Amino acid sequence: MAEIRVERVTKLFKGARAVDDVSLTVADGEFMVLLGPSGCGKTTLLRSIAGLEQINGGRIVIGDRDVTELPPRRRNIAMVFQSYAVFPHMTVFENVAFGLRMRRAPKADIDRQVREAAELLHIENLLDRFPAQTSGGQRQRIAVARALAMKPQVLLMDEPLSNLDALLRLEARAELKRLLGEIGATTIYVTHDQVEAMSMGDRVAVMRTGKLIQVADPLTIYDGPVDRFVGGFIGNPPMNFLSATVERRNGGSVAVLEDGELPLERTVELDGHLGPVLLGIRAENVEIVPADADASLRARVLVVEPLGSHNLVTLQLGTERLKATTRPDERLERDQAVGVVIDAARIRWLDAEREVALGAEAAGDPSAGHGPPTPQEHEPGDGEPG
Ligand code: ATP
């Protein structure tokens, strides 16, 4: 059993909160991705879990042990970092064996575990070479093999694929996912690449300025971001946000936009809310129809970008812009007037002022999965030494 529990962890650098009151539970065998923009505290949180940073507040529990005060080597974890340190003067075998030797494992065990890990990563034919005689992708696999050879219950990885070129990265991503699934190690994986996060994680933890914003499975994060930041950070293109006002009309309600109205009978999420809102809309949920069709919204085509599998269309809707995806063979001209149909049931409704999802606001964060709820508010200075 190797659940990881991060409880209200704070890490200060000269008074600045690199990690700010973060609580996160990673289940035994789960693959958790830490995602967020540069400088949001992902690496610091990972290093804190590893014991490479001393935290200023909170507690870290791995399995059933409180490891907060333990040095890294006693936390029973393996790590792979961005600058994967393969030792140039050691053979691949010795590189993979490194952690086991440090642990003073018996020679026969080292031999067996190195070969197993090497086979798993398809580097068994490289064991006698030196790193300089291997490719960048192979070196990355050496670093992963070294971590896996230790049969860790807990694996911490910080951008382990960042040094690979795009194609190799795509391949390594799938391979690593398969491998970690087989091994069943509890994994925390840091990346700023949202595609990597979505494709690999059982769950994704999104961070911003030291805080945990949302923890959920990839689809929930994509369809149900808790706020504008998450909706804008995840997805390519980012989620669209349109301003509207919800009004009562003939027993039902409508969202009044600049250039039209959306009837809302089918929307449950809104739950009686009236007044200004932000509509979070994914590009694939925007349907473009002919101008003379029965559509609730009117728009004009600004740009059409053919992307092969689909076209990305930018529409002007009043003073706002809206991105839509269409089939590659759909013909649209610049400046063409069109109708726009949006399925109200697929809209994410946000409070206009706070830019936080209405449902999430009312009920805490319903998409937080089985992890603990993210603390939204706490006393300043709570959980850290005076
Ligand atoms: P990136 O994706 O760019 O690696 P990150 O999300 O991993 O970013 P961190 O490296 O954890 O971010 O940094 C979080 C904040 O803490 C940043 O503002 C950074 O400048 C600061 N920071 C990190 N390490 C130190 C340090 N040793 N001393 C002072 N400040 C630091």
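Indexing begins at 1, ligand by ligand and atom by atom, following the structure's order. Throughout, residue positions are numbered sequentially from 1 according to the sequence presented. Predicted model only: the values in this text are computed from it and were never measured.
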Donor-acceptor contact below 3.5 Å, side chain Arg298 vs main chain Gly260: no

Nearest option to atom 2 (O) of ligand 1, as decided by whichever heavy atom of Arg208, Lys42, His192 sits closest: Lys42

Distance-minimising heavy-atom pair for Tyr222 and Met239: O-CE, 4.2 Å

Option set Gly41, Ser38, Cys40, criterion heavy-atom distance to atom 3 (O) of ligand 1, minimum: Ser38

From the candidates Thr44, Leu35, Val190, the one that places a heavy atom nearest atom 9 (P) of ligand 1: Thr44

Under 3.5 Å donor-acceptor, Arg139 side chain and Thr134 backbone: yes

Validation row: Tyr189, Leu161 side chains within 4.5 angstrom (heavy atoms): yes

Proximal ligand 1 atoms for Pro37, defined as those under 4.0 Å from one of its heavy atoms: 6 (O)

Proximal atoms of ligand 1 relative to Thr43 (non-hydrogen, under 4.0 Å): 4 (O), 5 (P), 7 (O), 10 (O), 11 (O)

Numbering as shown, the atoms of ligand 1 that approach Gly39 to under 4.0 Å (heavy-atom distance): 1 (P), 3 (O), 5 (P), 6 (O), 8 (O), 12 (O), 14 (C), 15 (C), 17 (C), 18 (O)

Any donor-acceptor N/O pair, Thr187 side chain to Ala185 backbone, under 3.5 Å: yes

